[in-house]
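The chain is numbered in sequence order, starting from 1. Everything quoted here is computed from the prediction, not taken from an experiment. Counting convention: from 1, in listed order, for ligands and their atoms alike.
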Amino acid sequence: MITVSLLSLGCAKNLVDSEIMVGHLHAAGMSVIPDAAQADVVIVNTCSFIDSSKEESIGHILEVHQSRGLRKRRREQKLIVAGCMAQRFSRDLAGSLHDEVDAFIGLDQITTVAPIITGLMAKERGKDEAPANLVTRHSTFIPDYDTPRFRLTPKHFAYVKIAEGCNHPCTFCIIPQIRGRHRSRTVASVVAEARALVAEGVRELNLISQDTTFFGMDTWAERPNPRTPVDSARGTALTTLLRELNAIEGDFWIRLLYTHPAHWSDELIQTIAECPKVARYIDIPLQHISDRMLEKMQRETSGGYIRGLLGRIRAGIPGIAIRTTFITGFPGETEADVDELDAFIGEARFERLGVFRYSQEEGTRAAKMEEQVPAKLKEARWHRLMARQKSIAAEVGARQTGRTLKVLVEEPGVARGEADAPDIDGRVYVPRTLPVGEFAEVTITSSQDYDLLALPPGERPVAFKTARPAQ
Ligand code: F3S
């Protein structure tokens, strides 16, 4: 039996691709094992979002190659590079990683990975023969509900990829060039997958894609312009999907990740408010607030639009926790832009916030812009913005003290609340006796930085129990 080891890097979208590869390997009778040194084939599923992700991907490829040099001869173990870095750079990498890599596969080859492995194993590669480059240039694949898949997340939560690709023109981002044009799954396909996951005991469905708010819009006869309100009267939209998912029986959360501010609508706000299974949490990367920066980034939004939208979301969905991300140090960013962003963070009081230092990425339009900001200045701006958010995060945490929350227990003693997405947000520390993978009700007793401490309702922290005075 052929044994395969797979290392998944990058984001949740890449993780779903890894899950599909593992599903197909199992279906083909191959065994997937954790120890790369013992495997006949190692797959590194790479990320190339920014330079550091590319460096990390190359580091792992070299590590696998070095260890097989020590323990196995190259002909005894094959190394396949998959994922975003392979999709974008396979032609360049085929030369620089000639000795290390046996094959590059792209996003459209994840369902044919098993026959690709069989072919590689059957053939002796000549000493000077180049690695096989099986990447097809424009990715078009999108999984359906019955695509073989083996989940790599814990039993109680899953990522559901509702669409693939991206049509946005953001000048800093390489992902549309990697993952291709936006293509949505059908509502029926996503609902069928969600039903099966809930029946398996999944308690949280995390809906992902490059832009979840664009769901369905690629199928409209008339191509939507970014400023067009997204309502279901125009065709399938995210609202249709949310209402159908909310109607599935069972106790579970639906979490919306990666929404784009340009495609929010009042109908979406109302839908979330009316669907109790949709978590009171949204992830809405805003990237900046200054009109100059939003224009240069081609975010299809403006400061005024964003302020109005956040006001409508907060008013329409009581108790919503908003996560966003900003980029500082984008080409041409001035002190005045940073002042505006700093003041906006103070005003908007996001429950969750991340700030990235702009990274100049080969192949993007922003990389060629003049007025690149020096690294030291980006660093200083990043510290300034993070310091602003730190006190807000402490205030957000302190507000939870005394509240009773429904949490999902992740591992003994550690849970997440509705306002915490997996792998990104804070944790709720709970008693170790609460069952893993299930919901529980707890009362928050205190907060620390981004995390909360909790006890089952009615229990009081040991430190505060009143001791009988000594007689
Ligand atoms: Fe994700 Fe990295 Fe690709 S962030 S979409 S794995 S470039």
Side-chain angles (χ1 to χ4, degrees), residues 6-22 43-61 80-93 104-110 113 135-143 149 152-153 158-185 206-215 257-260 283-285 287 297 323-327 354-367 421-424:
L6 187 148
L7 175 66
S8 192
L9 303 170
C11 65
K13 286 152 272 185
N14 228 29
L15 183 69
V16 172
D17 294 349
S18 293
E19 293 177 338
I20 291 172
M21 282 194 269
V22 175
I43 303 173
V44 183
N45 196 14
T46 57
C47 171
S48 66
F49 186 44
I50 53 174
D51 277 350
S52 58
S53 356
K54 280 180 241 162
E55 281 158 21
E56 189 193 356
S57 297
I58 290 177
H60 282 290
I61 293 166
I80 297 178
V81 175
C84 290
M85 191 176 76
Q87 181 68 39
R88 176 83 177 102
F89 296 110
S90 61
R91 268 187 286 182
D92 307 331
L93 293 173
F104 292 95
I105 61 171
L107 304 173
D108 283 3
Q109 284 73 50
I110 59 175
V113 63
V135 177
T136 40
R137 195 136 173 251
H138 299 291
S139 163
T140 55
F141 174 71
I142 179 75
R149 175 177 169 199
L152 299 171
T153 49
Y159 291 106
V160 179
K161 202 191 272 193
I162 62 171
E164 180 60 278
C166 182
N167 291 1
H168 289 288
C170 305
T171 52
F172 53 81
C173 186
I174 194 78
I175 289 179
Q177 293 179 53
I178 299 173
R179 292 210 166 240
R181 301 285 295 165
H182 183 108
R183 49 219 184 257
S184 301
R185 290 171 60 182
N206 290 276
L207 306 190
I208 58 169
S209 72
Q210 300 309 137
D211 172 6
T212 41
T213 34
F214 201 83
F215 177 79
L257 297 172
Y258 308 107
T259 72
H260 191 295
D283 169 40
I284 178 169
Q287 315 303 15
M297 291 176 173
R323 156 167 277 280
T324 195
T325 48
F326 291 116
I327 296 173
V355 180
F356 294 101
R357 304 157 188 87
Y358 166 72
S359 173
Q360 191 176 4
E361 289 311 312
E362 187 189 338
T364 61
R365 276 169 298 154
D423 296 330
I424 330 172

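Excluding water, every protein N/O/S atom under 2.8 Å from atom 2 (Fe) of ligand 1 is given here by residue and atom: C47 SG.
For atom 5 (S) of ligand 1, the nearest protein heavy atom (residue, atom name, distance) is R179 NE, 3.3 Å.
For M85, no heavy-atom contact with ligand 1 is shorter than 4.0 Å.
Interatomic distance, CG of D108 versus CD1 of I142, reported as 10.5 Å (0.5 Å rounding). Here the NZ-CG distance, from K54 to L9, works out to 14.5 Å after rounding to the nearest 0.5 Å. Rounded to the nearest 0.5 angstrom, C173 SG and R179 CZ are separated by 11.0 Å.
Using a 4.0 Å cut-off between charged side-chain N and carboxylate O, E362 and R88 make no salt bridge.
Shown here are the side chain to side chain contact (heavy atoms under 4.5 Å, CB included) partners of E55, two or more places apart in sequence or in another chain: D51.
Ring geometry, H168 versus F214: the interplanar angle exceeds 60°, so the pair is classed perpendicular (tilted spans 30 to 60°).
Of the candidates R183, Q109, Q177, E164, S139 forms a side-chain hydrogen bond (donor to acceptor under 3.5 Å, both in side chains) with just one, namely R183.
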